[in-house]
Amino acid sequence: MKRNLITTLLISGLLVGSLTSCKKKLILTPNYEVTSEQVYSSPATIKEALAKVYGSFALTGNEGPAGSPDIDGIDEGTSDFFRLFWYAEELPTDEAVIAWGDPGVPDFHNMNWSSSNVNLLGLYDRSLYQITLVNEFLIQTTDAELAKNGITGNDLTNVHYYRAEARFLRAYQYWVLMDLFATPPFVTDATPVGSITPPQTTRLALFNYVESELKAIDPLLVAPQKNEYGRADEAADWALLARLYLNAQVYTGTPASGSGAGTLGASRFTDAITYATKVINAGYSLNSSYDNLFLADNNTNGAQNENIFVIDYDGNNTQGYGGTTFMTHAAVGGSMPSSSYGISGGWAGIRTTSSITSLFPTPPTQNTTNFPDNNNVDTRAEFWYDGQSTTISSITSFTDGIAVNKWRDVTSTGAQGTNPSFSDVDEPLFRLPEMYLIYAESVIRGGTGGDLGTALTYINKLRDRAYNGSTTGEITQTQLTQSFILDERARELYWEGFRRTDLIRYGEFTSASYLWPFKGGAKNGTGVDNHYNIYPIPDQDRAANPNLKQNPGY
Amino acid sequence: MKKTYLIKYVFLLFFALSAATAFAQTSTISGKVVDEANQPLPGATVSVKGTQKSTGTDANGNFRLTGVSNGTVTIQITFVGYQLNEKTVTVSGNVTVNFGMVPNSKDLNEVVVIGYGTQKKKDLTGSITNVTEKDFNQGVVTSPEQLIQGKVAGLNISTNSGAPGAPITMTIRGGASVNGSNAPLIVIDGTPLSNDGISGVENPLDMINPNDIASFTILKDASAAAIYGNRASNGVIIITTKKGQAGAPKINFSTQVSLATLPKQAPVLSPSQFRDYVNANGDSTDRALLGNANTNWQDEIYQRAYSTNDNLSISGTAGHLPYRVSVGYDNQNGVLKTTYLQRYTTGINLSPSFFTDHLKINLSFLGTQVKQRFANEGGVISDAVDFNPTLPVYSGNSAFGGYTELLDPSAADGLKALAPLNPVGMLYENDNRSTVYRAISSLNMDYKFHFFPDLHAYVNFSYDGSNGQGFDIIPGTAASSYPGTPDAAGVTQTGSSSKYKTVVGNSLFEGNFNYNHDFTAIKSTVTALIGYSSQVFSTTAYNYLSYFSNGEPYPASVVALAQYPYSTNQYDLTSVYGRLNYAYDDKYLLQASLRSDVSTKFAPGIRTGNFPSVAAGWVISREDFLKGNTVLTNLKLRLEYGVTGNQDGIQDYDYLSDYSLSNSAAKYQFGNSFYQGYRPGGLYPGRTWEQTATANAGLDFGFLNDKISGTLDVYSRKTSNLLFPIPQAAGANFTNVITGNVGNMQDRGVELNLTGKAIDSKDITWTIGLNGTLNRNKITNLAAIPGANESIIPTGGISGGTGNNAQVLEVGLAKGTFYLYQQVYGTNGKPLDGVFVDQNGDGQINNQDLVAEHNSEPQEYFGLNSEFRYKQWNIGFSARAELGNYVYNNVASATGIERNIINPLGILNNGSTDVLTSGLTGNGSLDLLSDYYLQNASFFRMDDAHLGYNFGKVFKHTGDLKISGDVQNVFIITDYKGVDPEIPTNGAVGGIDNNFYPRPRTFVVGLNLSL
């Protein structure tokens, strides 16, 4: 009897043991997800992987408009690349104020942001997230991997272009990090994702890296305007190089901090002229109407000939609460009729200050009949005055400050965009006028390989277009000064995400020498400490990555 | 399929049993069994010693044993909780024998259901509370947890809202997790339930008819719960359902009618207060927005709700087959208009024994259908607070279904963007209904070896399956469906009609051996258990097309359906477990257990977890120095230690870093085509279960033969590998934050349970129960990487802005700690608008000035219940108190400010009356985070008060009739200014009062008839 029992126990023990050990290795897989091997096995799915690499510019996650975020720990709508980049580049400047009190947002005007600012964390994480996607894409599409998956011929050529474009996107995001945070962590496809804790880099090393990457991929990219709409080509590469060289003194010098003045690095204006010229001669042309540049059909209404590289948005297919959906909604409030903006209703957030409106001629009308530019001789002055006061007494009141009409989700024929809740407007990251302005500024600042006469022609091209084809807005060579360029950049490029970088290059960002309403949180403006020229490394990443040291002053 | 199988089985058993029926002769013994109070004792087992002849007493305590052989026989009466009573009688012709039963000394011999077995109460070493039918909360109960609410020290039960079928939150000793689940494991008749949600039913316990439940056992400490391994960290609740009783069929019928009312509305401005406020504070544009109507929007959305509940059960023994069959119908209407729940339940239990009780079989089937209608609660309740009270409900025209809405003529859809919607319209223009079926069936067999009766073999096969489906229809005219979505042709359409369906399956095989022997020579008892269990959980959610009101499909749903028609999640759990108990002289008790779990939720190689426990008990009252002591009649000391795990909160495939495809609204354009994107998932292959080690010391005591009895427990619990969203080094992962194992947390507490029989006589009995728990929680480590900066993790999202958090997780603080700015008050005692204390004195107010203070979790909680009987009357109540818990009043902070009422969007909103006393504007960006809105939410609530009358026999000699009247949620005493201070915890977040569906006050009349 006892023996029987023992045998029974033993057998059942063995049975149990073997069943258990099976479960130790069992891989149950979901039917709604795939492995990396499956994704990189066919040309069609590789393109879908590329769509994610590009799409993380425009989207905040895998479900539009929200629901499956890429970035956690932040409201999903505020983890959008362009919206956060815009906060960082525009809100601390004379170009924009915002009514909202969401966490960390008022810090931008007040110029007292800290290393725990969630918007800065979101931007930093978004840029590095896209870099991580690029690294993974590159690791999975090496020639060896592609050969293993039988990708050959034309498909192989295409994937080679994808790889070069992915490297361009990575270089762009490292430029963003270099410009804003100066000393981010640095990872490339040289190490598999997750294998190392990324080391910190310096601004100078990053400058050299971005420059060398952009030069290395130049021959690998599709020729200008020859790629599919929305994808990067050689001209985008050159345009970023031109912008990089224009600001090279800032990026390669020692930043001002505290009471220290900082030093400028070597100037690279000659290189800026070289690459701006390459873009200018690549076949782009100014659209005849400035008012049509930021509309729902700016991929077809002529603006596409002026735009060098854009973030694609679409009201139905590419939905999120950032990008141009933010630009078309947040700028609308007060008495602004939402139907004129092609939207279901404004979010009553962002306005501009008198420092910007005063750069333009006084408009003959300030009413709704001459929408969007009030018949201003300079058609770029797309402002809404009705019900708005020029003087800002309360930043949280939308009607304090002048509203901006530049982004509208309607087509050039006045039709509404495809979806009243989400915008169709594509956001240019590079467009031809910036290259004209870089050329002119670089010539004025002593770069060689260009001349003032050509610079004047370029600037007057912008002004002729702005004055609706009339030459009355043209300037003379003596008027073409460094400070004129700064103002002209504001007139041409306001709200497009340049202002902070421009003011830093001109030494005006933190100084008390140039003040605007609510600079540094004071109604009449005040100077702030120089360390605000660079944003801090977010606390959260410093908690996760012991390699990171904080930027000076934080 | 299942049903026919069941019927066949029943027939088979009938045949098997009828063959065994004995044919004997002669006399009949009849009589009555009464309890200590001379009340009839129904359901007692009457048997003839040495034979298989037995019967049960009926509702009046009467029994009748036929066919007893003439001669001298011994009649035995057994009943749980009472001492064995034997009488020897000489049978010749019909005889009558009556029995008076004497209760056990506080049921020390009572058998208590524990994990994988039963144990005598006196032998328990763990912190276990057992509540059986006779101790259930009296009064009206519609959901199982109400039976024990407030009864058990350390177990905190609260409903998440007043909605019919609302989810409940049950936590044992405060819960062991922060971000993982804090829900205890629920085991019904040996089947551990899955915590996976079933669509269409929010509270899984709602699927069980409370009338079918015989007992609850709550395993609170690790030594008791460790036998359930990696799912036991939050404790275990074992539910046993009723079985067939011996004897003639006993029929029980109960019916209840109830009326639910709203005890309190959210305090908002009345129409006249609102007009005064706008006239005083607004300009001419604002004043122009005032209407002429006087609408109390909360009156418009809430109602008095009538409900009924009927139950019928038949229990008895057919031949040798004990059976119990029950049916129930519950029809609950919500106090929020349109919401309801209808539940049909059926329970079948068959518990035959074979081979002179060597083989016991228990077959149980619980089947439920629940039909429910939901409202968009959050939207309706918050907009009823916000909506302008000077506007009428109906606009008088046909736009937006005839409901008044806030308009913007310049908008394409005519609606003011970001404005609240008409709450009545939202209620009636949303038809969301579900139907859920659930069946829990189990077959378990317990075989006592014929030649080795000390050894039992036990097997259990069970299947818990549910199928939930429903639809949600919003008509095209509903304001909530604007501005609409473009269809495939790009034309904007409104309205929606969608379906959902989830199928959940949980199958179990369990097998174990149980050995028990009394070694009388060495005064030792040994019990050993060894077992194996395998459980497979799967959840399948189906995708369907959804449609616009014109019948065209939503383009997004076409894409989603094409991608995959359904998604299945599955995980397997395979375990071996063993337990050894040793008792010496019933005085010294030892227990050790070990469970090893393999869960496929984790990466291969790190799937196995071992969960040991040890416990010791010392029955001091059996020592010589206490023997015969008439004051202290029972005293036992327990010491316990054990380790448990928690794997809820980890998804089934989380260790795989798979790629997922974006949906149709998250595509990217290349050329003229849009491409979905493949996103790699975050990498955290080493993720594992949370692990909790608990040490517990307990004292069980009884005075004056258990006139006063109780337990006192002191515990310390340390949770490690806490599942937490950890920041990832940027650039090193495909996500910036991932749920990983980081951090430690500790809980320390004291629990006291006291029961007193104040009066215990024939005509009057009075029992009072009191329990109290004190729990202190502290997070002791949060560092993602050893040596890295400790993170401060904001949590507790609040509404009123975007991305604001009111709480913080930080080392040294308790979970749920609030993190707010300290409001400065003026000399008149009112808060100064936008003025906060500059804690660090740097001249500016920023996040460096936030103060961690107070906590959403109660520091102490108490239960009090009383049951008083005088002859046929009984009256009783149960009440609870929670102390030291704080609530952030988000209704006041988001609506009770000038900026909400005279709204910069160009509309008027109503708001909390708080604005009249505080005068705050809400214009500052930090105003939402003022600790002015943090309020002490300690409360004392009487959950139930009832009065009953027992008519006794209503027909000749039969038919026991009881009627009762009952009030639920009788009253609440609190300083909290919002609707209800008892705010449910939602994930890691508790204590944020934001448009809560109020718990109703319910008046019930009930009737119970047994035959």
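Predicted, not measured: the structure shown is a model, and the values here were computed from it. Chain letters run A, B, ... following the sequence lines, proteins first, then strands; residues in each count from 1.
- Proximity to chain B (any heavy atom under 4.5 Å) is shown, for N135(A), by neither the backbone nor the side chain.
- Of the residues considered (P69(A), P185(A), S127(A)), P69(A) shows the highest number of contacts with chain B, using heavy-atom pairs under 4.5 Å.
- Nearest heavy-atom pair across P420(A) and P483(B) is CG-CB, 3.7 Å.
- Neither the backbone nor the side chain of Q130(A) comes within contact range of chain B; no heavy atoms are under 4.5 Å apart.
- Interatomic distance, E136(A) CD to R679(B) CZ, rounded to the nearest 0.5 Å: 14.0 Å.
- Atoms CD and CD, from Q540(A) and Q728(B) in turn, are 9.5 Å apart once rounded to the nearest 0.5 Å.
- Comparing G682(B), A457(B), S664(B) by how many heavy-atom pairs each has under 4.5 Å with chain A, the most go to S664(B).
- Closest non-hydrogen pair, D312(A) versus Q669(B), comes out as OD2-O, 2.6 Å.
- In terms of heavy-atom proximity, D125(A) sits nearest to N736(B) at OD2-ND2, 2.9 Å.
- E63(A) meets the side chain to side chain contact (heavy atoms under 4.5 Å, CB included) test with S68(A), N663(B); sequence neighbours excluded.
- When heavy atoms are compared at a cutoff of 4.5 Å, L121(A) does not approach chain B at all.
- Crowding of D842(B) atom CG: a count of heavy atoms from other residues, nucleotides or ligands under 6.0 Å exceeding 12.
- One distance of note links CG of N31(A) with CD of Q563(B); it measures 11.0 Å at 0.5 Å rounding.
- Each of V536(B), D572(B), N569(B) was evaluated against L28(A); a single residue qualifies, D572(B), per the side chain to side chain contact (heavy atoms under 4.5 Å, CB included) test.
- Residue L548(A) does not touch chain B at all, counting heavy-atom pairs closer than 4.5 Å.
- Chain A forms the most heavy-atom pairs under 4.5 Å with one residue out of S662(B), A417(B), S660(B), A665(B), and that residue is A665(B).
- Heavy-atom distances place the side chain of Y124(A), and not its backbone, under 4.5 Å from chain B.
- Of the listed residues (I738(B), L928(B), L661(B)), the one with the most heavy-atom contacts under 4.5 Å to chain A is L661(B).
- For N317(A) (side chain) and K667(B) (main-chain N/O), no donor-acceptor pair under 3.5 Å exists by modelled atom type.
- Contacts with chain B were tallied for V187(A), V105(A), D70(A), T418(A); D70(A) has the most, counting heavy-atom pairs under 4.5 Å.
- Residue S335(A): no heavy atom, backbone or side chain, is found under 4.5 Å from chain B.
- With respect to chain B, the highest number of heavy-atom pairs below 4.5 Å among P103(A), G101(A), G230(A) belongs to P103(A).
- In the displayed structure, Y566(B) atom OH is contacted under 6.0 Å by at most 12 heavy atoms of other residues, nucleotides or ligands.
- Ranked by heavy-atom pairs under 4.5 Å with chain B, the first of L50(A), D75(A), L128(A), T318(A) is T318(A).
- Looking only at side-chain heavy atoms (C-beta outward), D408(B) and S338(A) come within less than 4.5 Å of each other.
- Among S673(B), G731(B), G677(B), G671(B), the residue with the largest count of heavy-atom pairs under 4.5 Å with chain A is G671(B).
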Please lay out, stage by stage, how L418(B) and W347(A) fare under the test side-chain contact (heavy atoms from CB on, under 4.5 Å).
CA-CA 8 Å; L418(B) 306 180; W347(A) 300 347; 4.2 Å; yes
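- Between the side chain of D72(A) and the main chain of T735(B), no donor-acceptor pair closer than 3.5 Å is present.
- When every heavy atom of P486(B) is checked against every heavy atom of N419(A), the shortest pair comes out as CD-ND2, 3.3 Å.
- The closest side-chain heavy-atom distance from Y653(B) to T29(A) is not below 4.5 Å.
- Among L59(A), V34(A), T78(A), the residue with the largest count of heavy-atom pairs under 4.5 Å with chain B is V34(A).
- Under the 4.5 Å side-chain criterion, counting only non-hydrogen atoms from C-beta, P30(A) is in contact with L656(B).
- Across Y659(B) and T35(A), no two heavy atoms sit closer than the pair CD1-C, 4.2 Å.
- Interatomic distance, CG of N672(B) versus CG of N299(A), reported as 8.0 Å (0.5 Å rounding).
- Listed by chain and number, the residues in a salt bridge (charged side-chain N to carboxylate O under 4.0 Å, His left out) with R231(A) are E165(A), E228(A) (sequence neighbours excluded).
- If you tally non-hydrogen atom pairs under 4.5 Å between each of M336(A), Q38(A), K47(A), H329(A) and chain B, the highest count goes to K47(A).
- At a 4.5 Å heavy-atom cutoff, I131(A) makes no contact with chain B through either its backbone or its side chain.
- Between F670(B) and Y54(A), the closest side-chain pair of non-hydrogen atoms falls below 4.5 Å.
- When all heavy atoms are compared, the tightest approach of D541(A) to A730(B) is OD1-N, 2.8 Å.
- The contact between V310(A) and chain B is made entirely by backbone atoms, counting heavy-atom distances below 4.5 Å.
- For a residue to count as touching a neighbouring chain, one of its non-hydrogen atoms must lie under 4.5 Å from one of that chain's; by this rule Y675(B) touches chain A with backbone and side chain alike.
- For the pair Y40(A) and Y678(B), the minimum side-chain heavy-atom distance is 4.5 Å or more.
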